[in-house]
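Note sheet for the following structure.
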Amino acid sequence: MNKKNILPKNFLWGGATAANQYEGAWNVDGKKASTADMMTGGTHTIPRRITKELEKGTYYPSHEAVDFYHHYKEDIKLFSEMGFKCFRMSIAWSRIFPNADDKTPNEAGLEFYDKVFAELKKYNIEPIVTISHYEAPFALTEKFNGWESREAIDCYIRYCETIFNRYKDVVKYWITFNEINSLLVPAGAYLAGALLVDDSGRFNNTEVDSTQMRFQALHHQFVASAKAVDLAHKINPDFKVGCMINYSCGYASTCRPEDMVLALRNDQMNNMLCSDVQVRGEYPSFAKRYFEENNIKINMHKDDEEILKKGCVDFYTFSYYKSHVFGTRPEGDETQGNVFGGFRNPYLKANDWGWQIDPVGLRYVLNHVYDRYRIPIMIVENGLGAVDVVEEDGCINDTYRIEFIKSHIEQMKEAVYDGVNLIGYTAWGCIDIVSASTGEMKKRYGFIYVDKDNEGKGTLKRSKKRSFYWYKKVIESNGEDLSI
Ligand code: BG6
């Protein structure tokens with residue numbers, strides 16, 4: 001593209017993290033176990049386990065993670081060196097309400113975020129706060145089976161009210177739930193819904209049909225999200241509250257009309273159902289058909305529809321890592337992804353974890369979403385999980401990561417030229433953190449390397465990768481200079 005200065009001057013460049021993958025200090029200053037704290041480490045081939053009790057001698061990666069709790073000053077300084085305009089982070093709900101239904105919040109937990117926001121302000125970095133990012137107090141699971149129960153709505157709203165009031169002068173952008181659509185698939189039951197699906201110790205056992213329970217939990221999250229939006233606007237009319245979708249871009253495998261309809265169905269169900277509810281304030285008609293055909297009965301309270309209508313989000317955010325194909329394909333041609341899968345696309349390459357790399361798909365998605373909703377959009381996750389090598393002189397030459405992000409930024413600019421109102425881009429895992437799907441440290445996304453391995457060993461020392469200097473230049477030039 002040869003059009004200059006395509007991105008708005010106030011474009012929000014930055015990076016993104018999540019408390020459960022980043023903070024550590026899992027039982028410090030009044031915090032108690034979160035759902036994430038009960039997940040063991042895993043690998044590409046060995047799935048993470050979810051334990052009901054902590055097991056002696058078992059490694060739980062979130063317990064220390066990379067210890068942002070004690071490194072926040074150092075890390076935020078590094079973000080500011082890269083020129084970050086914003087920083088997406090989440091608040092650990094279990095730090096504020098350790099028992100889920102506490103009558104009063106944990107003051108020490110609130111103070112930690114006071115300090116983090118003050119530090120961000122010092123460097124003029126705008127916080128973008130996810131209220132619940134794959135994390136809830138584990139007590140919510142134990143007491144109410146997570147989001148299956150309506151009680152979760154009250155607990156969540158009490159938490160929202162606390163943090164909205166406490167941080168009303170320092171945080172403007174809020175996201176109600178990370179990748180809310182993960183609840184549509186069994187793998188998201190525990191991760192996104194804190195649901196104990198069965199009693200076998202593998203809570204998110206995919207062999208147990210949790211569909212009805214997941215849709216009910218999702219409904220509760222929709223109501224909670226809508227109530228949070230309404231409350232946020234009452235507490236501070238300047239607040240901007242967004243939804244967050246794990247966008248699973250899916251193409252038809254052939255131009256066979258049936259394949260097109262399959263791809264359309266995937267798009268409607270996986271991508272659009274949740275944002276239709278959160279942006280437009282009502283369930284789309286295709287969801288109603290799906291419920292009818294699959295005998296799913298959502299237990300709705302009489303004023304839920306009105307609540308959903310009153311709580312429409314101000315902006316749309318999503319994560320974008322990969323794309324898939326749907327339709328006629330040979331058997332055994334599945335590909336991987338974070339939560340959602342699909343079939344392999346012969347035109348694309350994949351990363352080491354099998355996620356297909358598709359920058360052009362980002363332009364497609366941005367146009368598609370903007371055409372549908374016409375509200376501001378933010379890309380809040382994008383990046384390449386890869387194995388980094390520290391060379392003898394200490395350098396980390398992650399050119400592959402630079403190439404990945406460069407190609408996505410190029411397509412993002414094309415989309416802005418197409419007319420999409422895009423307000424920000426936050427690269428996922430701007431500093432190395434624990435992987436959500438595998439619990440590994442080996443799968444790194446950062447511009448900043450953290451010395452820690454899959455077994456939890458390492459000094460936690462931070463070092464700048466080659467991509468650190470590249471991203472700094474990109475931000476400085478507002479996306480004009482992408483040269484490697
Ligand atoms: C998104 C999540 O699904 O993908 C993040 O919001 C996650 O929490 C990211 O870390 C990348 O996935 P993974 O499994 O590589 O960490």
Side-chain angles (χ1 to χ4, degrees), residues 15-23 34-37 39-48 61-62 65-66 68 88-93 128-136 175-185 187-194 204 221 242-249 270-271 274 317-324 335-341 350-357 362 365 378-388 400-401 404-405 408 426-446 450 452 454:
T17 58
N20 80 83
Q21 293 164 257
Y22 187 25
E23 279 179 8
S34 71
T35 46
D37 294 328
M39 294 179 78
T40 67
T43 67
H44 190 179
T45 47
I46 307 169
R48 302 184 76 176
S62 66
V66 293
F68 176 63
R88 175 177 174 230
M89 53 177 271
S90 70
I91 292 182
W93 183 356
I128 297 167
V129 174
T130 315
I131 299 168
S132 176
H133 188 132
Y134 285 171
E135 186 264 357
I175 293 170
T176 53
F177 290 96
N178 181 64
E179 295 186 341
I180 191 167
N181 55 329
S182 296
L183 255 175
L184 294 167
V185 288
Y190 181 75
L191 204 62
N204 58 349
Q221 291 197 349
C243 61
M244 199 300 201
I245 303 296
N246 173 349
Y247 208 101
S248 153
C249 177
N270 289 351
N271 302 320
C274 296
T317 81
F318 69 109
S319 59
Y320 181 86
Y321 293 96
K322 35 101 196 122
S323 68
H324 298 119
T335 64
Q336 320 234 320
N338 49 343
V339 185
F340 294 101
N351 73 8
D352 294 344
W353 278 262
W355 299 17
Q356 298 185 118
I357 301 171
L362 179 60
V365 170
M378 212 186 276
I379 301 165
V380 291
E381 285 189 32
N382 174 238
L384 180 73
V387 180
D388 291 331
Y400 36 89
R401 181 167 296 109
F404 179 100
I405 297 183
H408 284 77
T426 59
W428 176 250
C430 47
I431 176 165
D432 293 345
I433 54 180
V434 174
S435 154
S437 56
T438 67
E440 291 170 289
M441 270 308 296
K442 193 174 136 195
K443 189 180 189 190
R444 298 172 183 274
Y445 287 85
V450 180
K452 184 163 179 182
N454 275 2

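Atoms within a ligand are numbered from 1 in the order they appear, just like the ligands themselves.
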- Item | Heteroatom proximity flag, S437 to ligand 1, N/O under 3.5 Å | yes

- Message: Are Y247 and Y320, when compared by the centres of their aromatic rings, separated by less than 6.0 Å?
- Response: no

- Message: Using a strict threshold of under 4.0 Å (side-chain N to carboxylate O), is an ion pair present between K452 and D432?
- Response: no

- Where does I433 meet ligand 1, judged by heavy-atom distances below 4.0 Å: at the side chain, the backbone, both, or neither? neither

- Just jot down the ligand 1 atoms closer than 4.0 angstrom to any heavy atom of E179, in number order. 1 (C), 2 (C), 3 (O), 6 (O)

- Location of contacts on Y320 toward ligand 1, heavy atoms closer than 4.0 Å: neither

- Query: Purely on distance, is any nitrogen or oxygen of A436 under 3.5 Å from one on ligand 1?
  - Reply: yes

- Taking all heavy atoms of S319 and all of N246, pick out the closest pair and write down the distance. OG-CA, 3.3 Å

- Message: I need the minimum non-hydrogen distance between R401 and L384, along with the two atoms involved.
- Response: NE-O, 3.5 Å

- Kindly indicate whether a cation-pi arrangement holds for K443 with W355, taking the cut-offs as under 6.0 Å to the six-membered ring centre and within 45° of the axis. yes

- Judging by distance only, is a nitrogen or oxygen of N178 under 3.5 angstrom from one on ligand 1? yes

- Query: After noting the C-alpha distance and the side-chain angles of W428 and H408, does the key distance pass the ring pair (Phe, Tyr, Trp, His ring centres under 6.0 Å) rule?
  - Reply: CA-CA 13 Å; W428 176 250; H408 284 77; over 10 Å; no

- Message: Minimum heavy-atom separation for T35 and Y134, please, with both atom names.
- Response: OG1-O, 4.1 Å

- Query: Which ligand 1 atoms, with their elements, are less than 4.0 angstrom from a heavy-atom of W428?
  - Reply: 5 (C), 7 (C), 8 (O), 9 (C), 10 (O), 11 (C)

- W353 near ligand 1 by a heavy-atom separation under 4.0 Å: no

- Note on the structure: Nearest heavy-atom approach of T130 to N178 is CG2-N, 3.8 Å

- Any atoms of ligand 1 less than 4.0 Å from a non-hydrogen atom of S435? List them with their elements. 13 (P), 14 (O), 15 (O), 16 (O)

- For ligand 1, find out whether one of its N or O atoms is nearer than 3.5 Å to an N or O atom of H133. yes

- Which of the atoms of ligand 1 are close to Y445, meaning less than 4.0 Å from one of its heavy atoms? 11 (C), 12 (O), 13 (P), 15 (O)

